[in-house]
Amino acid sequence: MTRTLLCCCRVRETVMPRYAQIISTGRYLPEKVRTNAEIEAILGEEVDQWLIDNVGIRERRLIGEDEVTSDLAVHAARQALERANLSPEDLDLIVVATDTPDYVSPGTASVVQYKLGATNAGTFDVNCACSAWVVGVDIASRYLATDPTYEHVLVVGAYGMTRFIDWHHKKTATLFGDGAGAVVLGAGDRPGFLGANIKSDGSFHDYMGVFIGGTVEPTGGDETRRQVLEIRKRFPPKTNNEGWPPLVRDLMRKIGREVAEIDRIYFTQLNLRTIEYVMDELGLPRERTHTTMDKWGYTGSACVPLALDDAITQGKGPQPGELVVFCASGAGYTMAAAAFEWTAEGD
């Protein structure tokens with residue numbers, strides 16, 4: 001959009017600011033449910049009540065035998081596109097946030113583009129573990145703000161981590177679930193995206209992950225070894241408790257707003273008690289957040305957009321003009337927070 005100004009008898013055109021706005025959301029959860037009781041039967045010990053009391057998880061969804069990560073992403077993307085009244089051909093860019101890709105190479109975003117039929121979209125993956133969707137939204141928002149050839153960008157967090165779970169390993173079998181959450185971002189002339197804050201501490205890079213399959217351990221030195229999620233070192237128990245509040249406060253200072261102004265905030269859905277602690281520590285009423293780990297487990301890079309979509313579909317989502325923050329963290333150790341001024345759908 002341009003505006004023509006008359007200045008000293010000379011015509012000058014100035015470019016109006018462009019802002020990224022979230023215009024729709026979508027989600028997909030696989031059909032298969034695995035309850036805490038089923039995990040108890042596999043492990044041979046009681047975990048149900050402990051998970052409910054300490055983490056908030058009651059059940060989770062498992063990727064189907066005939067599904068892969070790109071399928072989860074495509075289902076969520078189609079719903080988001082339908083809600084935005086857009087076709088796949090309207091997309092200019094697809095960003096897939098995942099650390100459970102279809103392949104080590106090529107990127108899963110290329111597979112999603114093909115399966116969607118989004119023939120006009122460029123593609124790339126973001127892998128900074130479970131903070132990847134927030135980072136992807138940050139990147140996509142900057143594309144829309146700075147390049148007028150981009151009008152619509154799909155950012156989808158997709159997670160198929162149960163493919164890599166050893167169900168007899170208590171620390172991982174109890175937490176993880178699969179799913180995908182998507183948003184379509186569009187360019188507008190009113191704030192939307194306000195800014196983001198990304199932090200990392202790479203000293204944690206070898207604590208938790210799927211370590212087999214890259215250049216360090218292409219096959220783990222043993223052709224019979226299977227790729228599984230491993231916890232090789234224990235994260236300090238208060239990592240997110242101590243990391244999220246300053247991350248959010250620094251973001252608010254960056255965009256010139258107060259923490260108390262936050263109307264909605266959506267977190268990585270790893271631990272209900274951590275979310276409650278952080279809300280209290282930030283001085284925000286707990287009803288300003290939304291949680292989904294009770295029914296879907298921990299869905300990694302998908303959990304923040306899933307929480308957003310679930311809140312919206314329940315009539316508890318952001319309202320126009322509200323300040324919305326996304327806060328996520330993941331193995332590596334990475335953290336990311338992004339802020340939006342919510343706009344009405346289609347604005």
Side-chain angles (χ1 to χ4, degrees), residues 18-27 73 76-77 79-81 83-84 86 91-99 108-109 112 121-147 150-159 179-188 191-200 244 247-248 250-252 254-255 262 264-269 290 299-312 317-318 322-330 334-343 345:
R18 287 165 54 96
Y19 299 93
Q21 301 168 346
I22 295 175
I23 60 175
S24 70
T25 65
R27 75 175 186 232
Q79 185 176 67
L81 286 168
R83 290 172 173 173
L86 296 173
L91 292 173
D92 301 300
L93 183 65
I94 295 172
V95 181
V96 172
T98 189
D99 58 348
T108 301
V112 171
T123 64
F124 62 84
D125 289 7
V126 175
N127 178 3
C128 42
C130 303
S131 63
W133 182 82
V134 178
V135 174
V137 165
D138 177 22
I139 296 169
S141 296
R142 296 175 193 275
Y143 269 95
L144 288 165
T146 59
D147 190 332
Y150 288 85
E151 291 293 335
H152 300 106
V153 180
L154 171 73
V155 184
V156 54
Y159 205 60
V183 295
V184 174
L185 296 166
F193 175 73
L194 302 175
N197 188 24
I198 300 173
K199 301 292 183 185
S200 296
W244 288 353
L247 182 77
V248 172
D250 287 347
L251 175 59
M252 291 301 100
K254 186 175 183 178
I255 66 173
I262 297 173
R264 316 276 176 164
I265 183 167
Y266 302 96
F267 294 98
T268 294
Q269 303 286 298
H290 186 81
T299 52
S301 57
C303 59
V304 174
L306 282 173
L308 171 65
D309 182 84
D310 193 53
I312 290 172
E322 289 189 335
L323 178 59
V324 179
V325 171
F326 305 114
C327 178
S329 60
T334 64
M335 294 191 299
F340 280 77
E341 185 173 306
W342 200 258
T343 53
E345 185 174 340

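- In this structure, OH in Tyr266 is found 13.5 Å from SG in Cys303, a value given to the nearest 0.5 Å.
- The side-chain contact (heavy atoms from CB on, under 4.5 Å) search around Glu151 returns Arg18, Asp92, Ala187, not counting sequence neighbours.
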**Message:** With side chain to side chain contact (heavy atoms under 4.5 Å, CB included) as the criterion, how do Thr299 and Gln269 come out once you've worked through the C-alpha distance, each side chain's angles and the decisive distance to 0.1 Å?
**Reply:** CA-CA 7 Å; Thr299 52; Gln269 303 286 298; 5.6 Å; no
**Item:** Residues Ile262, Val248; criterion side chain to side chain contact (heavy atoms under 4.5 Å, CB included); working and verdict
**Value:** CA-CA 10 Å; Ile262 297 173; Val248 172; 3.8 Å; yes
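- The distance from atom OH of Tyr159 to atom OG of Ser301, rounded to the nearest 0.5 Å, is 7.0 Å.
- Considering all non-hydrogen atoms of both residues, Ala328 and Val134 come closest at CB-CG2, 3.7 Å.
- Scanning all heavy atoms of the two residues, the minimum distance from Ala109 to Val96 falls at CA-CG2, 3.5 Å.
- The stretch residues 300-310 participates, sequence neighbours left out, in these salt bridge (Lys or Arg N to Asp or Glu O under 4.0 Å) pairs: Arg27-Asp309, Arg27-Asp310, Arg83-Asp309, Lys295-Asp310.
- Nearest heavy-atom pair, Trp133 versus Gly157, reported as atom, atom and distance to 0.1 Å: CD1-N, 3.5 Å.
- The shortest heavy-atom contact between Ala182 and Leu154 is CB-CD1, 4.0 Å.
- With respect to Asp138 and Arg142, a salt bridge is recorded, a charged nitrogen being found less than 4.0 Å from a carboxylate O.
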**Request:** Check the pair Thr108 / Thr98 against side-chain hydrogen bond (donor to acceptor under 3.5 Å, both in side chains), numbers first and verdict last.
**Result:** CA-CA 8 Å; Thr108 301; Thr98 189; over 6 Å; no
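- Between atom OG of residue Ser131 and atom CG of residue Asp99 there is a gap of 9.0 Å, rounded to the nearest 0.5 Å.
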**Request:** Would you check, one step at a time, whether the test side chain to side chain contact (heavy atoms under 4.5 Å, CB included) holds for Val184 with Leu81?
**Result:** CA-CA 7 Å; Val184 174; Leu81 286 168; 4.1 Å; yes
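- In this structure, the separation between CZ on Phe193 and CD1 on Ile255 is 9.5 Å, given to the nearest 0.5 Å.
- Leu323 is listed as a side-chain neighbour of Met252, based on a closest heavy-atom distance under 4.5 Å.
- Taking every heavy atom of both residues into account, Val137 and Ser141 meet most closely at O-OG, 2.7 Å.
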**Asked** Do Leu185 and Tyr143 pass the side chain to side chain contact (heavy atoms under 4.5 Å, CB included) test, and can you show the C-alpha distance, the side-chain angles, and the key distance before you say yes or no?
**Response** CA-CA 10 Å; Leu185 296 166; Tyr143 269 95; over 6 Å; no
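- With rounding to the nearest 0.5 angstrom, the CG atom of Asp250 is 5.5 Å from the CG atom of Asn197.
- Contact between Val325 and Ala339 at its shortest, heavy atoms only, is CG2-CB, 4.2 Å.
- With values rounded to the nearest 0.5 angstrom, Thr334 atom OG1 is found 9.0 Å from Ile198 atom CD1.
- Using bins of under 30°, 30° to 60° and over 60° for the plane-to-plane angle, the ring pair Phe326/Phe340 lands in the perpendicular bin.
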